[in-house]
Amino acid sequence: ALLCGLTVAAAAVAGVQAVHAGRLEGVALAVVVLTPLAAFEAVTGLPLAVQYRQRTRRAAERVFEVLDAPAPVREPAAPATPPEVPFPLVVRDLTARHSGQARPALDAVGFTLTAGRRLAVVGPSGSGKTTLAQTLLRFLDPEAGTYSLGGTDARALDGDAVRRHVGLCAQDAHLFDSSLRENLRLARRNRADGPADADDRDLWDALERARLADWVRGLPDGLDTMVGEHGARLSGGQRQRLALARALLADFPVLVLDEPAEHLDLATADALTADLLAATEGRTTVLITHRLTGLEAVDEVLVLDHGRVVQRGGHAELATADGPFRRMLERERAVDAAYTGARVPV
């Protein structure tokens with residue numbers, strides 16, 4: 001644009017001088033001035049084309065980086081027939097490692113889940129809790145050990161078949177820029193081998209169990225309220241409760257809750273944990289959490305550290321025994337006391 005302007009200005013100066021000297025007629029001056037504009041118009045799109053080429057090249061590099069990465073899961077050539085029910089769900093001596101990592105993220109982990117049994121998995125950051133969730137959903141294949149559903153090796157099943165039995169409610173569950181109704185109905189839609197599409201009664205039932213129904217009823221548009229991009233119009237607790245309602249609506253036989261109270265303040269986190277434990281009563285659940293409050297309601301607590309099970313048992317038993325769980329509990333209570341004290345008005 002700068003070159004075009006300078007060229008037009010130069011042509012105008014030269015043309016005016018030629019008209020004054022009698023070498024050029026006045027009508028021809030317009031042609032002299034407009035000719036650079038026509039010439040530059042032919043190449044005006046080149047700078048934009050160069051920018052798009054650079055963006056496309058960088059995007060292609062990112063795509064090829066994903067395509068060239070080793071697949072974390074190897075799908076079977078001839079998948080086995082999925083079991084009618086996934087129970088018992090048995091994990092035995094399970095070892096899993098992320099690509100490029102020297103140390104396994106899970107090391108000889110084992111447990112058994114029967115229908116209705118609830119298991120809490122706790123431990124410090126980096127202890128392997130989320131890796132366990134990824135393995136249960138077949139987002140990551142184990143390096144050693146076994147993982148079976150209803151007596152069938154999970155590695156012999158199609159990944160989608162496993163995820164029809166084992167569902168996930170993640171801490172960063174995606175919410176689409178649509179209405180509450182449409183975000184919920186995603187859980188039960190277009191599944192030929194599953195239950196019928198969810199109607200409004202199903203949606204309200206899921207919202208009731210997630211303790212979100214009263215809030216939705218108070219909205220001017222109710223279920224048709226738009227949540228915004230990534231749920232921007234909702235609070236952190238409301239986003240997690242909506243994700244929980246969606247997971248409950250999907251009615252997975254086994255529900256994995258991966259750090260549902262992460263990034264929430266203590267009061268909101270504890271209220272959410274209490275509500276989700278109430279909502280999942282009687283449902284086979286794996287609760288992965290760093291918070292220990294409310295775990296009295298689960299059947300068994302598994303304590304992980306550096307990928308290994310360092311302690312297991314009921315909440316009351318672990319809270320009184322000398323070990324990592326009691327030390328974690330004492331630290332949490334001290335932090336909670338400091339948090340509560342900081343908020344007490346003087």
Side-chain angles (χ1 to χ4, degrees), residues 1-75 97-102 105 125-126 130-131 134 137 139-140 159-160 168 170-186 189-190 219-221 224-240 242-243 246 258-259 262-264:
L2 177 62
L3 288 174
C4 180
L6 292 174
T7 304
V8 170
V13 171
V16 169
Q17 291 176 348
V19 170
H20 279 295
R23 300 192 304 273
L24 189 68
E25 294 183 1
V27 176
L29 175 62
V31 177
V32 171
V33 174
L34 294 176
T35 296
L37 287 175
F40 272 93
E41 188 176 357
V43 295
T44 299
L46 288 180
L48 193 59
V50 172
Q51 292 179 19
Y52 278 122
R53 181 182 181 278
Q54 292 172 342
R55 292 177 188 172
T56 304
R57 179 175 56 81
R58 288 194 291 267
E61 289 173 354
R62 293 194 296 269
V63 170
F64 286 125
E65 182 180 350
V66 173
L67 293 176
D68 294 339
V73 175
R74 185 173 299 173
E75 295 288 359
R97 187 191 312 265
H98 293 285
S99 178
Q101 297 297 313
S125 297
T130 297
T131 301
Q134 293 172 342
L137 281 111
F139 292 149
L140 180 68
D160 288 338
L168 174 68
Q171 58 176 287
D172 54 353
H174 186 80
L175 296 181
F176 293 89
D177 189 5
S178 185
S179 65
L180 292 169
R181 184 194 310 276
E182 292 306 313
N183 271 283
L184 285 169
R185 290 182 64 196
L186 286 170
R189 175 181 283 177
N190 299 328
L219 297 172
D221 295 326
D224 294 316
T225 301
M226 302 299 288
V227 303
E229 188 173 2
H230 301 293
R233 297 180 181 177
L234 309 182
S235 68
Q238 289 164 349
R239 284 195 295 270
Q240 286 302 108
L242 183 59
R246 189 164 61 187
D258 185 13
E259 295 283 10
E262 186 77 354
H263 310 309
L264 302 178

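Any value given below was found using the heavy atoms of this structure, including those in side chains, with hydrogens, waters and symmetry copies removed. Remember, it's a predicted structure, so these values are computed and weren't measured experimentally.
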Legend entry - N183 side chain vs F176 backbone, donor-acceptor pair below 3.5 Å: yes
Inset, instruction - Determine whether S179 and V227 make a side-chain contact, defined as any pair of heavy atoms from C-beta on separated by less than 4.5 Å. - result: no
Legend entry - Minimum heavy-atom distance M226-D177, with the two atoms named: CE-O, 3.9 Å
Inset, instruction - Please indicate whether E41 has more than 12 foreign heavy atoms, meaning atoms of other residues, nucleotides or ligands, lying under 6.0 Å from its CD. - result: no
Legend entry - Approximate separation, where rounding is to 0.5 Å, of T56 OG1 and Q51 CD: 11.5 Å
Inset, instruction - For the pair Q240 (side chain) and G237 (backbone), establish whether a donor and an acceptor sit closer than 3.5 Å, ignoring hydrogens and angles. - result: no
Inset, instruction - Measure the shortest side-chain to side-chain distance between L180 and L219 over non-hydrogen atoms and say whether it is less than 4.5 angstrom. - result: yes
Inset, instruction - Give a yes or no on this: more than 12 heavy atoms of other residues, nucleotides or ligands lie within 6.0 Å of atom NE2 of H20. - result: no
Legend entry - T131 versus H98, closest heavy-atom pair with distance: OG1-NE2, 2.9 Å
Legend entry - Sole residue of D224, T225, D221 in side chain to side chain contact (heavy atoms under 4.5 Å, CB included) with R181: D224
Inset, instruction - Output the distance between atom CG (L186) and atom OG (S178), rounded to the nearest 0.5 Å. - result: 8.0 Å
Inset, instruction - Using a cut-off of 6.0 Å, state whether more than 12 heavy atoms not belonging to E65 lie near its atom CD. - result: no
Inset, instruction - For the residue pair Q54 and V50, establish whether any side-chain heavy-atom pair is separated by less than 4.5 Å. - result: yes
Legend entry - F139 to P72 - nearest heavy-atom pair and separation: O-CB, 3.6 Å
Legend entry - Salt-bridge criterion met for R185 and E182 (N-O under 4.0 Å): yes
Legend entry - Polar side-chain atom of E75 near backbone of G159 as donor-acceptor pair, under 3.5 Å: yes
Inset, instruction - Using atom types as modelled and distance alone, determine if a side-chain donor or acceptor of R239 lies under 3.5 Å from a backbone N or O of G231. - result: yes
Legend entry - R97 side chain to A102 backbone, donor-acceptor under 3.5 Å: yes
Legend entry - Side-chain touch R246/L175, heavy atoms, less than 4.5 angstrom: yes
Inset, instruction - Could you tell me which non-hydrogen atom of A12 sits nearest to which non-hydrogen atom of L29, and how far apart they are? - result: O-CD1, 4.4 Å
Legend entry - T7 side, atom OG1; F40 side, atom CZ - distance, nearest 0.5 Å: 3.5 Å
